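The sequence lines fix the lettering, A, B, ..., with proteins before strands; numbering per chain opens at 1. Since the structure is predicted, the reported quantities are computational estimates derived from the model, not experimental observations.
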Amino acid sequence: MAREYDVEAVERKWQERWRDEETYEVDNDDPRPSFYALCMYPYPSGAAHQGHVRNYTFGDLIVRYQTMLGKAVLSPFGFDSFGLPAENAAIKTGAHPREFTEARIVELKSSLTRLGAMYDWRREVRSHDPSYVRWNQVIFERLLEAGLAYRSNALVNWCPGCQTVLANEQVLADGTCERSGDVVIKRDLEQWFLRITAYADELLEGLDALEWPERVKTMQRNWIGRSEGCELDLVVEGRDGSDGRAPLAVRVFTTRPDTGFGMTYAVVAPEHPLLDELITDSQRAEVDDLVARAATETEIERTSSSGGPGALDKRGAFTGSFVRNPFTGSPIPLYVADYVLMGYGTGAIMAVPAEDERDWAFAQLHGLPIVRTVAPPEGWDDSGGGAYSGEGTKINSGFLDGFGIAEAKVRAIEFLEAAGLGERKVNYRLRDWLISRQRFWGCPIPIIYCPEHGAVPVPEADLPVLAPDDVEFLPTGQSPLAHHAGFLHTTCPTCGGPAERETDTMDTFVDSSWYFLRFCDPFDSSAPFDPGAARRWMPVDQYIGGIEHAILHLLYARFFTRALIDVGLAPGLPREPFHRLFTQGMIRMGGSKMSKSKGNLVAPEKYYGTVGADGLRLFHLFVGPPADDFDWTDQTEEVIDGCGRFLERLWRLETAELAVRDGAATEADTEVRREVHRTIEAVTGDFERWSYNTAVAHTRELVNLLTRYIHSDGGVNAAVVQEALDSVLLLLAPMTPHVAAELWERRHPDAAALHAQRWPTFDPALVRASTVTLVIQVNGKLRDRLEVDPGIEEGEATALALASAKVVDALGGAAPKRVVARPPRLVNVVV
RNA sequence: GCGGACGUGGCGGAAUGGUAGACGCGCCGGGUUUAGGUCCCGGUCCCUUCGGGGGUGGAGGUUCGAAUCCUCUCGUCCGCACCA
């Protein structure tokens, strides 16, 4: 495309200028009011793709806009540089993950610079830097001291493809790994956990005050999954302790203690620890068969079914044992069934078929009795109607009869507490965070195992524990560290005896849970960050990232911030790290996300020689609401070309020879001024509410008007045209920074650069129009439009409306029944 | 199954309960160059007897007035999913 300005030269010039003049570096003692703008730090996968471009265009707009508002804007950047792709590449090519990763970082940085996105690179943080690893390990040890990190044997999610353990959050609903897509299997391993559940309630309640997208908050609420109910013991028949043997009971969790009188059987999960003891000889074969099948089946087969709850066969077997219903005192059969999950509650339930759909299905299948404890509404088909879980009056429930459900719950719990059989209990879906990974390219867990002293933390003075470089990358299912004698064998810090190092590394979500704090003060070599510096910048004023991090990263970071405060590393910090969150939409192509793995990337480099970084940025801002997904189609190229054409028109407008006219301002001059100020008002409002597509549209409207104005026959007023042309550049400064800065410099060679200017303000008096269009409706239908004074009174507006020939016509002689006047915009005459 | 979001021209999308379709892409017509896939101007929701009439997935409702609020319904997308 032929251009009137040399895009690449102009963009390069300004990128160098901003770098050399340190325009976007900010010191911690900067006296201006602070603003912390942050895009989620990326995994360095190489050159930026369109998703990055969109993301960093929004971020850069905010940085430049807030700077023009007079703020000290903290705009740091870093890399989530530990992770699987580098290690997989190492297994494939033999190159060390560090080399691979650092090469990708160089590529990504250069892409961002080419886009014109501005950061304070002095503050760059990389997860794999020894300095970052060190503080990661220090933090881990502090959490350990505080009891927030612990080691436990657990049934864990093992991904055969990634050859590592996954957190629950990394397993998709269909039981596959979110990263590799392999079916995840269960393994029993000794692993490290972080006690995020200690903060479950606080993490839930804190959501209310956050300016986050509602759907992200909803996702986190669902993930935490708080439910109130009670736990109670079901004493096993014949094992109440009266025969001298230890008493035995099955503990269950329920949210419906009020339905206790309807409990006609109980169920334990196939993995339940007491199960073996509860199986009678006659039932053993049947139960073993069921348990074996449950163990070999994948999560997907067992818990997912197209029809949802109740659609799956309720496979189960009688254990042979009975437990006592504490409400009725009667024995009820104890089953094992795979619809009860060991991972939730106590792994055992009291089954009430009348009020629970799943229990109903199971009871039907196994011929178990059904006793209603809530009267279903009129017309409920009592036999075929199935479980009724709605509101109603208690029946068949002894001392609970006649109460509503809420009251009955309270009384049922009081009864259980009095009998010493149970108590109120809040249960969460949220599990503790498993952070052990059997991988090399991550932060080593700084623990030494001594035969004498067990798991001993590496003394802080000896941190960081770094992985050795001379390792072999083989797909063994264990970290290469486990085969490296030099790393593995060490001495116990406590007794000096021979000991072995932990060879697992931490989940990379640990790294990303506090990097935003390190950004506040990455220069400190005596602490992860200086609490004073962190207090200066935190919380992040505007956090920007993809919706894919709605649960994992954002929940972990919220937990970490609280934990760091509570272990004393971050005194006085706000407990919520991200005040405002924006999740931008994905770029899709052909129905799926545009990504390297899908092979449907459209490289940004393609456009730098034609429309430039500015043209591409303008496109991403203009094409739709930032929160919405965007479909990249055949039409997209033409829209991008259109953005390039706009910048060329802008160039011609700003550099045009003007036919300046002397004398008083004309009506046309005043109208231009008015539109300039209206546009400033509109764009400022658009920026504040993330409506960048309309900000671009408003700016284009003004440019269209000015183009007509400077070509109008009468010539232009010098002051009016100067103000207008300057304002356009100021408004475009955050959106298309290079071309705007260049044109500004040409117009004002001796003034301060564009991006050092203040954001323009509008004159409210000017914004108020000299005339507005008064819409006249008859019965809500548009009949006439009148140009009126904006200060018009209701009476005058009504009079004008009724005098309108078109209104008289439409009324056809009928008398108006009512006149609704909303001056100065509208009058509605009702007959 | 539960929860959430969203349905507006050929397309992306605008519209504090008050002129539906801003801005742009595409398309149509005209002009300048005429080598243009450049640039400029005009048009572009549908119907129309040129007075108007209809129109925001569908059906109702609230209101002087509804794309916007409410109810039902259809469809698309997202999240969760045997969570006791």
Side-chain angles (χ1 to χ4, degrees), chain A residues 1-3 173-174 213-223 225-227 229 252-256 259 267 302-312 314 337-341 343-352 355-359 361-362 427-429 547 550-551 586 619 622-625 627-631 633-643 645-646 648-649 652 682 691 693-701 703-704 707-708 711 773-785 806 809-810 816-822 825-831:
Chain A
M1 184 185 295
R3 299 197 62 114
D174 65 358
E214 205 48 51
R215 69 172 172 146
V216 174
K217 293 206 261 186
T218 302
M219 282 162 74
Q220 293 216 347
R221 285 192 191 102
N222 291 342
W223 192 263
R226 180 190 156 98
S227 61
V252 300
F253 172 75
T254 181
T255 55
R256 293 292 304 274
T259 62
V267 190
R302 195 171 142 201
T303 66
S304 282
S305 171
S306 52
L312 206 65
K314 291 284 176 275
D338 56 8
Y339 80 97
V340 173
L341 308 174
Y344 184 78
T346 59
I349 61 160
M350 56 176 246
V352 185
E355 276 93 37
D356 183 283
E357 217 183 297
R358 298 153 299 178
D359 297 344
F362 189 87
N427 207 23
Y428 299 92
R429 213 187 78 106
I547 187 72
I551 298 175
M586 280 189 321
F619 156 74
F622 178 61
V623 76
D628 289 4
D629 285 352
F630 172 72
D631 277 307
T633 65
D634 295 345
Q635 190 189 250
T636 302
E637 296 288 339
E638 280 155 349
V639 177
I640 295 172
D641 285 346
C643 290
R645 280 201 299 275
F646 168 75
E648 280 193 79
R649 275 204 302 282
R652 287 198 299 271
S691 184
N693 53 329
T694 55
V696 174
H698 286 127
T699 309
R700 291 181 95 142
E701 270 187 277
V703 167
N704 290 346
T707 304
R708 285 196 299 274
H711 291 124
T773 306
L774 177 70
V775 171
I776 318 285
Q777 297 179 334
V778 175
N779 287 336
K781 286 203 191 305
L782 177 71
R783 288 299 128 143
D784 203 1
R785 295 179 175 135
K806 289 179 181 170
D809 221 34
K817 199 188 297 172
R818 182 178 166 191
V819 179
V820 181
R822 290 286 177 276
R825 301 236 81 105
L826 176 133
V827 175
N828 189 11
V829 181
V830 186
V831 293

Euclidean distance for P, rU8(B) against rC2(B) (whole angstrom) = 26 Å
request  = Would you mind calling rG51(B) syn or anti? Take O4'-C1'-N9-C4 for purines or O4'-C1'-N1-C2 for pyrimidines, and syn is within 90° of 0.
outcome  = syn
ask   = Can R221(A) and E214(A) be said to form a salt bridge (Lys or Arg N to Asp or Glu O under 4.0 Å), step by step?
value = CA-CA 10 Å; R221(A) 285 192 191 102; E214(A) 205 48 51; 3.6 Å; yes
inquiry  = Mind checking if T254(A) touches a base, just sugar-phosphate, or nothing, with heavy atoms under 4.0 Å?
reply    = sugar-phosphate
inquiry  = Rounded to whole Å, please give me the gap between CG in D631(A) and P in rC77(B).
reply    = 12 Å
key: Options rC11(B), rA14(B), rG3(B), nucleotide nearest the side-chain atoms of T218(A)   = rG3(B)
task = Give a yes or no on whether the backbone of V623(A) and the side-chain of N693(A) come within a donor-acceptor separation of less than 3.5 Å.
result = no
ask   = With sequence neighbours excluded, what pairs up with D631(A) under the side-chain contact (heavy atoms from CB on, under 4.5 Å) test?
value = R588(A), T633(A)
ask   = What is the minimum heavy-atom distance between F253(A) and T346(A), and which atoms define it?
value = N-OG1, 3.5 Å
query = How far does CG of L782(A) sit from CD1 of I776(A), to the nearest 0.5 angstrom?
reply = 9.0 Å
Pairwise P distance for rG54(B) and rA20(B), with rounding to whole Å = 12 Å
inquiry  = Using every non-hydrogen atom in the two residues, find where Y344(A) and S227(A) come nearest and quote the distance to one decimal.
reply    = OH-OG, 3.0 Å
query = So, do R215(A) and I547(A) sit near enough that their side-chain heavy atoms are less than 4.5 Å apart?
reply = yes
ask   = From rA84(B), rC11(B), rA14(B), pick the nucleotide closest to the side chain of F253(A)?
value = rA84(B)
ask   = Expressed in angstrom and rounded to an integer, what is the separation of H711(A) atom NE2 from rC41(B) atom P?
value = 8 Å
message = Which nucleotide wins on minimum distance to the side chain of V820(A), given the candidates rG10(B), rA14(B), rC64(B)?
response = rC64(B)
ask   = For D628(A) and rG13(B), what is the distance between atoms CG and C1' respectively, to the nearest whole Å?
value = 9 Å
message = Within 90° of 0 counts as syn, otherwise anti: where does rG4(B) fall?
response = anti
request  = Side chain of R215(A) only, please: which of rG24(B), rG79(B), rC78(B) is the nearest?
outcome  = rC78(B)
request  = For nucleotides rG21(B) and rU44(B), find the distance between their P atoms and express it as a whole number of Å.
outcome  = 11 Å
query = CZ/R822(A) to CG/N828(A) distance, rounded to the nearest 0.5 angstrom?
reply = 9.5 Å
query = Want to settle it: does R783(A) or D356(A) sit nearer the 5' end of RNA chain B, counting the closest nucleotide to each?
reply = R783(A)
task = For rG51(B) and rA5(B), measure between their P atoms and round to the nearest Å.
result = 47 Å
query = Is any side-chain N or O of R429(A) closer than 4.0 Å to OP1 or OP2 of rA84(B)?
reply = no
message = Please confirm whether the shortest side-chain N or O distance from R825(A) to OP1 or OP2 of rA15(B) is below 4.0 Å.
response = no
message = By nearest atom, which of the nucleotides rC82(B), rG26(B), rC78(B) is closest to the R645(A) side chain?
response = rG26(B)
message = For a quick check, tell me whether the side chain of N828(A) and the base of rC64(B) share a donor-acceptor pair closer than 3.5 Å.
response = yes
key: Structure string for RNA chain B in dot-bracket form, Watson-Crick and G-U at under 3.5 Å, | interchain   = (((((((..(((.....[....)))((((((.......))))))(((....)))..(((((..]....))))))))))))....
inquiry  = What contact category does V775(A) fall into here, base, sugar-phosphate, or nothing, at under 4.0 angstrom with non-hydrogen atoms?
reply    = base
task = Nearest whole angstrom, please: distance from the C1' of rG53(B) to the CG of L782(A).
result = 13 Å
Nearest-Å distance for atom pair CD1/C1', residues I640(A) and rG12(B) = 12 Å
request  = Return no unless some side-chain N or O of R818(A) is found under 4.0 Å from OP1 or OP2 of rC64(B).
outcome  = yes
I349(A) and Y339(A), any side-chain heavy atoms less than 4.5 Å apart = yes
query = When we call it a touch if two heavy atoms are under 4.0 Å apart, what does E638(A) touch: a base, just sugar-phosphate, or nothing?
reply = sugar-phosphate
query = Closest to the E701(A) side chain: rG12(B), rC78(B), rA22(B)?
reply = rA22(B)
key: Nearest-angstrom distance, C1' atom, rG26(B) to rG10(B)   = 8 Å
request  = With C1' as the reference atom in both, quote the distance from rC46(B) to rG61(B) in angstrom, rounded to an integer.
outcome  = 27 Å
task = With heavy atoms under 4.0 Å as the rule, sort Q777(A) into base, sugar-phosphate or nothing.
result = base
request  = Please work out if N704(A) contacts a base, only the sugar-phosphate, or nothing of the nucleic acid, heavy-atom cut-off 4.0 Å.
outcome  = sugar-phosphate
Euclidean distance, atom CG of residue N427(A) to atom P of rA84(B) [Å, nearest integer] = 8 Å
task = Remember a base hit wins even if backbone is also touched, and classify F622(A) as base, sugar-phosphate or nothing at under 4.0 Å, heavy atoms.
result = base
key: Rounded distance (Å) that lies between atom P of rC25(B) and atom CZ of F646(A)   = 11 Å
ask   = Is V830(A) touching bases, backbone alone, or none of the nucleic acid, heavy atoms closer than 4.0 Å?
value = sugar-phosphate
ask   = Which pair of non-hydrogen atoms, one from V267(A) and one from A351(A), has the smallest distance, and what is that distance?
value = CG2-CB, 4.4 Å
V820(A) and Q777(A), any side-chain heavy atoms less than 4.5 Å apart = no
query = Do the side chain of R700(A) and the base of rG24(B) come within less than 3.5 angstrom through a donor-acceptor pair of N or O atoms?
reply = no
message = Can you check the distance between rU62(B) and rU71(B), where both ends of the measurement are the P atom (answer in whole Å)?
response = 15 Å
query = Can you find a side chain N or O atom of K781(A) that sits less than 4.0 Å from OP1 or OP2 on rU19(B)?
reply = no
request  = In whole angstrom, give me the gap between the P atoms of rG7(B) and rG12(B).
outcome  = 12 Å
ask   = Contact class for G225(A) (heavy atom, under 4.0 Å): base, sugar-phosphate, or nothing?
value = nothing
inquiry  = When you measure from the side-chain N and O atoms of R221(A) to the phosphate of rG79(B), is any distance below 4.0 Å, counting only OP1 and OP2?
reply    = no
task = Please determine if a side-chain N or O atom of N693(A) lies less than 4.0 Å away from the OP1 or OP2 oxygen of rA14(B).
result = yes
request  = Under 4.0 Å between any heavy atoms, over every strand shown, what does R785(A) touch: base, sugar-phosphate, or nothing? Just pick one.
outcome  = base
ask   = For the pair made of CG in N222(A) and C1' in rA5(B), what is the distance, rounded to whole Å?
value = 14 Å
key: S691(A) vs R708(A), nearer the 5' end of RNA chain B by closest nucleotide   = S691(A)
